[in-house]
Amino acid sequence: MTHPDLRMSPPAERGQPLTIQLDGQPLRCHEGESLAAALLASGRLAMRYTARAGEPRGYFCGMGVCHDCLVTVDGLPNVRACMTPVREGLRVETQRGLGNWGGAA
Amino acid sequence: MRTRSGLDAVVVGAGVLGASVAYHLARRGASVVVLDRGLGGFNATAGNHGLVWAQDKAPAPYLGFTLRSIALYPDFARELRDLTAVEIEYERPGGLYHSLDDGDVVARAAFIARQSLTPGFAAEMLDARALHTLEPLAGPAVVGGSYCALDGHTNPLSLARALHAGIARLGGVVHRGWEVSAIDAPAGGGWVVKGGAGILEAPALVLAAGVGTERLARLVGLEVPVRPQRGQILVSEPLPPLLRHPSVPARQTRSGTLLLGATHEEVGFDASSTEAGIRQVARSAARCFPFLADVALVRGWGALRPLSPDGLPILEQPAGWPGLFVVTSHSGITLCPAIGQAMAEWVGAGRRPPWLPAFDRSRFRSATPGPMAPAPAGLSVE
């Protein structure tokens, strides 16, 4: 599956290209970007679905306060996408509800 | 001078104990007013993590009274829900005590054996395997513990809200932001309470202001030895159902958050939250539940709980102060229905109900420890 790239065109300077895994699919992004920025740039608005109503939530405050852009990163639920820098090989999953904590047991 | 007449009782303190006394009085048809200098229940009521708990209580008569309160809880919760539509989230899944070393297991077994002499109390000691079967997320540091099927938990803030709504539904009034400045005993009997929002008069006056009770009692020349003890607790982000049984280090609320408790600090009237306190609470909870290392904490706060010299309640109608009642206790969540019912009966009938053990201040005059010895240090919880 290919993603749109909503980044500004050059001359904006970007870090080294790298690849993360988003719901099992590779996603190209750049060093220095937050996970939220990388997801937004790929056209992805919903980062999780709420526990009760199953409603989509995404990037809202963008500065770590609102806890709306929660994703599961490398198996750990409730990670704020806006506060997490991308790095090569990061596994990101769209979080449904309160996340799967089964691995904690 | 504004005087509200026709009142049967004025209750000072709208935390869960004052509110419960007022609620039970109103149920008996009494006309009551509750005063609170704050919003009602922002000391011990808000500063505890909501355990309704038997297994750490000092033996009879205190434990017996505790068991009576626990027995009242299901109907109490249902009645408040029916009357006010507020759900206090009372559940009784059985509570756990986690031991972190073998010496503690031995001490715990001796304590539980002593508890078991009280009729109606039952708890069992668990080895590591049995405990991990009951609570699979307990970590390897937990080497055993005890389980009491009578133990449960509730939402203390909802409990306070339900009581306030219940008092209003039954025709009573809760005044917030009403600080008592003076209390007079007129020659004709009864009590006159003066404060920020006017003057109230009633034949009965109940002082149930938690850590503020000592100051209030001094206004009428009465000494009530209650000191503040600070407890800091923490709340986590909401999680899917992970913990099956409440315990002192952690309980999971119905909304999914974990409440972690609690420090026991002697710091006077300072209710602030401290980094050291937060670390201590988080660390001891994570020793029992290692998965907490990955869980985000949302908030921490401190609150003052009232403690008498032996940690037990003071429930008294002091001789020489007719119509005056003193109601203060640690473990106010657990004891909320029983203290409310007992004191309402006492105020209404003018006599201590026979089922209420004596919890008056005369016990502090004797230097030798009596049968009401306190629970082992650090074990007494709400």
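The figures that follow rest on heavy atoms only: side chains count, while hydrogens, waters and symmetry mates do not. In what follows, chains are A, B, ... by sequence order, proteins preceding strands, each numbered from 1.
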Take atom [atom1] in [X]; do more than 12 heavy atoms of anything else shown fall under 6.0 Å from it?
X      : atom1 : answer
B/R287 : CZ    : no
B/R254 : CZ    : yes
B/R283 : CZ    : no
A/Y49  : OH    : yes

For this session: Quick one: closest heavy-atom pair of B/P240 and A/G99, and the distance?
Result: CG-O, 3.3 Å
For this session: Grab the two heavy atoms, one from B/L242 and one from A/W101, that are nearest each other, plus how far apart they are.
Result: CD2-CB, 3.9 Å
Exercise. Who wins among B/G139, B/P238, B/G256, B/P290 for the most heavy-atom pairs under 4.5 Å with chain A?
Worked result: B/P238
Problem set entry | Side chain, backbone, both or neither of B/V295 within contact of chain A (heavy atoms, under 4.5 Å) |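 Contact with chain A involves both backbone and side-chain atoms of B/V295.
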